[in-house]
Amino acid sequence: MSLRLEDLNPEQLAAVTLPAGHALILAGAGSGKTRVLTTRLAWLLQAGAVSPAGVLAVTFTNKAAREMLSRLTSMLAVNPRGMWIGTFHGLCNRMLRAHHQEAGLPREFQILDTQDQLAAVKRVLRSMNVDEDRFPPRDVQYFIMGKKEEGLRARDVPAGDDTARRYAELYDAYDEQCRREGVADFAELLLRSFELLSRNEPLREHYRARFRHLLVDEFQDTNRLQYRWLKLLAGPQANLFAVGDDDQSIYAFRGAHVGNMADFEREYPGARIRLEQNYRSQGNILEAANALIAHNAKRLGKNLWTAAGAGEMLRVFEAQSDADEARWMVEEIQALKREGTRLDQIALLYRSNAQSRVLEHALFTAGLPYRVYGGLRFFERAEVKHALAYLRLVASPADDNAFLRVVNFPARGIGARTLEALQDAAQAAGRNLYETALANPGKVGPFVALIESLREECMGLTLAEKTEHVLAKSGLFEHYKREREGAERLENLGELVNAAAAFSAEDAAIESGEDADPLLAFLTHAALEAGEHQAGEGQEALQLMTMHSAKGLEFNAVFVSGLEEGLFPHEQSVLEKDGLEEERRLMYVALTRARKRLYLSFAQTRLLHGQTRYNLASRFVDELPKALLKWLTPRLAEKRKPSTFTAGAFTRAVKRDPRFGGAPAGTGGAPNGFRIGQNVVHAKFGAGVIVDAEGQGSDARVQVNFGREGVKWLAVAVAKLQGA
DNA sequence: CTGAGAATGATTTTT
DNA sequence: TCATTCTCAG
């Protein structure tokens, strides 16, 4: 256990030992960001500048929060209990639990995850007889979330046309429903905490007097409300220490506002430190990443460097097809393995999850073990959510979401009609479903009686015993035992009991504050931390994930695959405002994951949504310095002229014209010696690929995808296309 | 209530 | 293509 400052570089040391005041640390990829943040925290505590209770450190993920805490306790003997280290949502939850009355929430309020929220929105729409075609539940949910993250309640939403007004009404009705049912969605935790602090002066002053130092990780990922929350909590006295990297901002689509960094610069004068020395990648990789990101206009500016050598060149492979690309990757992986690279030190990155399929197929065929990130997390699994719904009803009967989820699961002969009648009665009485059913049992009588007895029987039991009891009495265990494919689900339910057993008083205190009710804390834990993606850890396996999921990780060898226009940058993203720059930052993140070896690949043909797409190499490949690239395949479209034109249209699925016999891809007939899938060069538009064709002889026309230049129909007789 | 078949879309993701 | 969601008949 030691706090060592000797190993820090001058910039890191400067950041760690800054005197009181505000600071913005621009921390490049692999520059030791987490280390600086935790060492800063330890240094403040050890120097006696502040007590553990006087600091608040906030991160985005539970994983990051755990890592900070564990690194801190390895440097310093501190009791984590009194410290406020956690995610934005976790800390807001803690504050709201401590002051639920002032915040207008019931003590046992439950947290809605994204799934629960959608179900809740659907109920609002149904109760208001809203046309779901005009107001799709997903859009309404997105609207509500977005407004909350801007800090706006329904009444604050600027009035617009009828549709906008209706959205605001639905938002209002949704909030009212949440209030009735004693639940809060993710954004609500933040907004409610923000409103609590802004309205309740004594409380605000209490926390302002308490927290002298606020430290923020991944500041570029904060949304507007999170930044306002920080400012409100900091007040005029506290010191804000923000660490971030605008070049790694890849979450604008979920509300992150990179502009917060520029705003911070303006609003909080103080220290500005750039951490540019990279301890991860070799020189060529960094040089490539620097050159790529230099194409972005909106940057604070930063250049990574390393004391390590140049290392290897970046290897680039052009495949005929996605399957071909996958086969090549397998070969390279086997070669790496022979050279002694551990499989878990190799990452296969892609833009979208759908791309993992081909890779998995090739890896499976080759017998290479792999692990795919993404998909359902533990607490999101249906059987686990069912079990939790019973526990939630025991803790908080007003939770209609939980009620509806399990009132007829396992089946108890309670049908849609019964529930409709119950919901109508509840609405008329302005009460929740549970109360309504209790007052007028009918068909749901046995169900509420079951919950009532569960609540009684659970008194005095430990958390794990409660969980086990609920599983047995609810019939969930029986149900899955009978089900043919229920074995895995049963296993997960067993895992849930284990999780409950492992959930300690310590966890509860950190999760929800001192003297928290273990059951409530556990339910909160389940909502705020969805758990691992899947089992299969520990085994040495290749790591397959999206470039987004790879953020923060590092590997000896990295494959960045599917570098094709339309796929990456994604065709949707280039239509979005600042979308291309965000895609480029994503590429930057992908490149900077690699320590020693970096592979880039793209395929001429890719099967997507059941149709063959003909693609051109991503512009991001062109944006890398040629001198750093080692082509493993002959560069076919070398002649392509660079262009500044960024038309929106990209490869469309090829609709094969029956006049050409609907021949398979690549061999399809097209007029005058051209065929679908063929690479061509046009004098003005550069390289392209034939995507469709029609007509014969002098009327013949072909549709060509020129990537950035868009997709164009050209008359063969006029266009003078060259075969490439 | 259940199961079969149709319809529907389909970046990226944490809390 | 394919996975999920919806609809309707039994």
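A note on names: the letters A, B, ... follow the listed sequences, proteins ahead of strands, and every chain is numbered from 1.
Counting only residues at least two apart or in different chains, side chain to side chain donor-acceptor pair (under 3.5 Å) contacts with residues 121-136 of chain A comprise A:R123-A:E181, A:R123-A:N401.
The side chain of A:R377 places no N or O atom within less than 4.0 Å of a non-bridging phosphate oxygen (OP1 or OP2) of B:dT13. For A:N62 and B:dT14, the shortest distance from a side-chain N or O to OP1 or OP2 is not below 4.0 Å.
A distance-only check finds a donor-acceptor pair linking the side chain of A:T592 to the backbone of A:Y588 [under 3.5 Å]. Of the possible polar contacts, none joining the A:E195 side chain to the A:R192 backbone as a donor-acceptor pair under 3.5 Å is found.
Ranked by how close their nearest DNA chain B nucleotide is to the 5' end, A:S549 and A:A416 are led by A:A416.
The base of B:dT15 lies close enough to the side chain of A:T114 for a donor and an acceptor atom to sit less than 3.5 Å apart.
With rounding to whole Å, A:Q117 atom CD is found 15 Å from B:dT13 atom C1'. Atom CG of A:L608 and atom C1' of C:dA3 are 14 Å apart (whole Å). What separates CE of A:M95 from P of B:dT15 is a distance of 20 Å, to the nearest Å. Rounded to whole Å, atom P of C:dA3 lies 13 Å from atom CG of A:L607. Distance, A:L91 CG to B:dT14 C1': 15 Å, rounded to whole Å. Taking atom CZ of residue A:R412 and atom P of nucleotide B:dT2, one finds them 12 Å apart after rounding to whole Å. Rounded to a whole Å, the CD1 atom of A:I414 is 13 Å from the P atom of B:dT2. Here the C1' atom of nucleotide C:dT1 and the CD atom of A:Q355 are 15 Å apart, to the nearest Å.
Nucleotides C:dT4 and B:dT13, compared at atom P, are 16 Å apart to the nearest Å. Distance noted for atom P between C:dT5 and B:dT12: 15 Å (whole Å).
Both tests pass for A:R97 against the ring of A:F109: distance under 6.0 Å to the centre and angle within 45° of the axis. Cation-pi geometry between A:R371 and A:Y373 is met: the NZ or CZ atom falls under 6.0 Å from the ring centre, inside 45° of the normal.
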At under 4.0 Å between heavy atoms, how does the protein contact nucleotides 3-11 of chain B? Give one character per nucleotide, 5' to 3', with B, S or -.
-------BB

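Every residue two or more places apart in sequence or in another chain that forms a side chain to side chain donor-acceptor pair (under 3.5 Å) with A:R585 is listed here: A:E582.
Salt bridge absent: A:E149 and A:R254 never bring a charged side-chain N and a carboxylate O closer than 4.0 Å. Between A:D246 and A:R299, no side-chain nitrogen of the basic residue sits less than 4.0 Å from a carboxylate oxygen of the acidic one, so the salt-bridge criterion is not met.
Contacts of A:Y251 with the nucleic acid, taken as non-hydrogen atoms under 4.0 Å apart, involve only primed sugar atoms and P, OP1 or OP2. Residue A:L349 is out of contact with every strand shown, counting any heavy-atom pair closer than 4.0 Å.
Residue A:F60 and nucleotide B:dT15 are not classified as a stacked aromatic pair, given the requirement of ring centres less than 5.5 Å apart at an interplanar angle below 30°.
Ranking C:dC6, B:dT13, B:dT15 by closeness to the A:K122 side chain, first place goes to C:dC6.
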